[in-house]
Protein chains: 2
Amino acid sequence: MKSDNGSPVIPNEAYTKTRVTAFKQHIVRSMNIDQILNAIHPLSDTSKQTLKKSIAEVNYPKGHILLRADKIETNIYFIKKGIVRAFANTDHNEITFWFGKEGDTVISMKSYVARQKGYENIELLEDCELYELKTENLQKLFDENIDIANWGRKFAEQELAKTEERLISRQFRTAKERYRELLKGNPDLIQRVQLGHIASYLGITQVSLSRIRAEKN
Amino acid sequence: MKSDNGSPVIPNEAYTKTRVTAFKQHIVRSMNIDQILNAIHPLSDTSKQTLKKSIAEVNYPKGHILLRADKIETNIYFIKKGIVRAFANTDHNEITFWFGKEGDTVISMKSYVARQKGYENIELLEDCELYELKTENLQKLFDENIDIANWGRKFAEQELAKTEERLISRQFRTAKERYRELLKGNPDLIQRVQLGHIASYLGITQVSLSRIRAEKN
DNA sequence: TTCATTTTTTATCATTTGTAAAATTTTCCC
DNA sequence: GGGAAAATTTTACAAATGATAAAAAATGAA
């Protein structure tokens with residue numbers, strides 16, 4: 001079943017839609033810390049143990065603000081379970097520019113890189129289970145352990161590749177194409193996150209997104 | 001002399017414009033390899049010497065294509081002198097998504113991170129003097145030298161912060177605001193690069209950019 | 001369930017941006 | 001300098017998106 005160029009393949013849309021609305025089946029996913037760390041970049045067992053010594057597990061409810069734009073953040077988080085959004089405030093409204101879910105890393109880039117106040121707030125969109133790591137400890141490990149330093153390098157490089165790809169996608173795809181791309185690449189996102197946030201993430205108004213979704217083919 | 005919120009401060013625009021057109025004064029800038037490496041992140045002398053052993057100097061003329069999208073790139077470059085653009089091809093046209101100048105690093109992120117073909121072509125917009133470094137050598141140094149590994153990590157982190165900022169800027173600033181931002185932050189760019197490329201970089205058509213530039217205040 | 005609240009869709013009109021083509025200006029080469 | 005080519009601006013019109021308001025649908029709590 002392929003759906004490459006704009007041709008949708010859902011055999012019976014009405015049925016599918018009803019089913020989704022009725023049950024909103026959440027596939028229960030969860031990633032433990034070993035899976036998360038290894039997915040970023042394989043680490044030797046000893047280095048992984050070293051790293052894990054600095055990591056603690058924390059839980060927060062839906063609606064909690066994990067990171068605030070107006071302070072320098074001293075922790076980074078790995079998402080074991082749940083979904084979050086990063087948003088920035090402007091004069092008129094707030095703009096969602098990132099979603100994180102199981103396996104993703106929550107980090108204020110500006111705090112982390114430049115130790116300055118960032119622009120991002122992180123809001124939990126579901127009850128979340130998180131792994132917490134003090135950046136201070138991580139920095140120390142970077143200086144002491146070449147394995148962890150390269151793991152950190154890989155993390156930044158991969159995030160960079162992803163971010164660059166999004167930037168370019170935004171530059172030469174229409175809002176419609178970007179929505180379909182998201183739908184194909186992250187179908188669960190549309191079910192787990194309200195459309196207002198999705199619209200903001202795509203850089204359009206909620207009304208525009210509704211128009212796109214309403215189009216028949 | 002400040003020009004923060006949309007209020008232009010050029011005292012006599014007609015005069016300034018004529019002057020610029022007549023002389024198009026290029027401030028001759030150039031960065032040597034030590035300056036470039038240190039600007040990314042300070043390195044100990046010994047590590048810097050080690051890294052420099054793998055770096056050679058090369059020159060190419062304006063118009064040269066330094067990197068091609070259809071091949072896995074095996075080099076990275078530091079720009080000593082000159083200006084370049086990265087562009088991706090689409091069905092209809094090509095889209096400029098990055099400019100690099102003195103001190104910047106030219107790298108195909110996808111080749112570098114995933115060892116896959118990238119989407120970017122790099123074209124030299126002026127005659128360029130470059131420092132060349134084989135990624136293969138760099139990878140080896142990352143595994144052997146923690147100093148260099150952390151230098152590479154810092155590089156990726158900084159690029160990530162910059163790219164993320166651009167992505168967000170695109171999301172909540174209008175084309176007009178982004179043009180003015182660019183004009184303020186990189187005034188030389190507008191003089192060294194043709195406006196068609198700038199328009200593409202801003203994510204608008206050349207016609208739109210002309211309209212923005214034509215506005216009086 | 002029922003009701004209040006939140007989210008999503010629809011409709012209308014204004015604004016922005018794009019497309020195409022022509023006019024103008026600049027650049028470059030002889 | 002002169003003339004061809006390239007780059008930029010302008011114009012007119014079309015298409016896409018935004019703003020606003022209101023209707024419809026979904027959600028959540030009692």
Side-chain angles (χ1 to χ4, degrees), chain A residues 6 13-14 16-26 61-63 83 85 87 90-96 123 125-127 170-180 183 189-216, chain B residues 13-14 17-26 61-63 83 85 87 90-96 123 125-127 170-180 183 189-216:
Chain A
E13 197 176 317
T16 307
K17 206 165 180 179
T18 312
R19 242 182 97 232
V20 168
T21 320
F23 301 111
K24 202 155 201 173
Q25 73 268 66
H26 276 190
K62 174 174 177 172
I83 197 161
R85 74 177 180 117
F87 66 96
T90 68
D91 309 336
H92 312 297
N93 47 8
E94 54 183 45
I95 291 180
T96 298
E123 179 195 356
L125 301 177
E126 299 173 354
D127 293 348
R170 153 124 347 167
Q171 201 153 349
F172 62 60
R173 286 194 238 284
T174 62
K176 196 179 302 180
E177 290 168 330
R178 276 180 280 136
Y179 171 69
R180 299 220 167 115
L183 202 58
L189 215 68
I190 278 87
Q191 286 183 38
R192 295 170 79 182
V193 175
Q194 61 187 63
L195 292 172
H197 295 328
I198 304 270
S200 175
Y201 175 82
L202 293 171
I204 54 178
T205 60
Q206 179 158 352
V207 175
S208 280
L209 179 56
S210 260
R211 273 195 281 244
I212 290 166
R213 284 163 59 84
E215 285 174 25
K216 277 304 156 293
Chain B
E13 199 176 317
K17 206 165 183 182
T18 313
R19 241 182 99 232
V20 168
T21 319
F23 301 111
K24 203 158 201 169
Q25 71 272 61
H26 276 190
K62 173 174 177 171
I83 197 162
R85 73 179 179 116
F87 66 96
T90 67
D91 310 336
H92 312 297
N93 47 10
E94 53 183 46
I95 291 180
T96 298
E123 179 194 357
L125 300 177
E126 298 173 353
D127 294 347
R170 154 125 348 165
Q171 203 154 347
F172 62 61
R173 286 195 239 284
T174 63
K176 197 178 302 180
E177 288 169 332
R178 276 180 280 136
Y179 171 69
R180 299 219 167 115
L183 202 60
L189 215 68
I190 276 85
Q191 284 183 39
R192 295 170 79 182
V193 175
Q194 60 187 62
L195 292 172
H197 295 328
I198 304 268
S200 175
Y201 175 83
L202 292 172
I204 55 178
T205 60
Q206 180 156 353
V207 175
S208 279
L209 180 56
S210 260
R211 275 194 277 242
I212 289 167
R213 284 163 58 85
E215 285 174 23
K216 278 302 158 294

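For the numbers below, each heavy atom of this structure counts, side chains included, while hydrogens, waters and symmetry mates do not.
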Rounded distance (nearest 0.5 Å) linking atom CZ of B/R180 with atom CD1 of B/I212: 8.0 Å

Nearest-angstrom distance from the residue atom CD of B/Q191 to C1' of D/dA7: 16 Å

Given DNA chain D, 5'-ward residue of the pair A/K62 and B/H197, judged by closest heavy atom: B/H197

Smallest separation among heavy atoms of B/R173 and B/R178, with atom names: O-NE, 3.3 Å

Side-chain donor-acceptor pairs under 3.5 Å in residues 195-206 of chain B, sequence neighbours left out?
{"from": "B/S200", "atom 1": "OG", "to": "B/T96", "atom 2": "N", "distance (Å)": "2.7"}
{"from": "B/Y201", "atom 1": "OH", "to": "B/R166", "atom 2": "NE", "distance (Å)": "3.3"}
{"from": "B/T205", "atom 1": "OG1", "to": "B/S208", "atom 2": "N", "distance (Å)": "3.1"}
{"from": "B/T205", "atom 1": "OG1", "to": "B/S208", "atom 2": "OG", "distance (Å)": "3.4"}

Distance, rounded to the nearest Å, where A/I190 contributes CD1 and D/dA26 contributes C1': 18 Å

Test item: B/R211 and B/E215 side chains (from C-beta on) under 4.5 Å apart, heavy atoms: no

Spacing between A/L195 atom CG and D/dT27 atom P, to the nearest angstrom: 11 Å

Rounded distance [0.5 Å steps], CD1 in B/I83 versus CZ in B/R192: 4.5 Å

Nearest-angstrom distance from the residue atom CD of B/E215 to P of D/dT10: 11 Å

Shortest side-chain distance from A/S210, nucleotide among D/dT9, C/dT9, D/dT8: C/dT9

Nearest-Å distance for atom pair CD/C1', residues B/Q194 and C/dT27: 11 Å

Summary of protein contacts for nucleotides 14-19 of chain D, nucleotide by nucleotide, where a base hit scores B, a sugar-phosphate-only hit scores S (4.0 Å, heavy atoms): ---SBB

Separation of D/dA7 P from B/L125 CG (nearest whole Å): 11 Å

Interatomic distance where OH belongs to A/Y179 and C1' belongs to C/dT9 [whole Å]: 13 Å

Spacing between A/Q206 atom CD and C/dT7 atom P, to the nearest angstrom: 9 Å

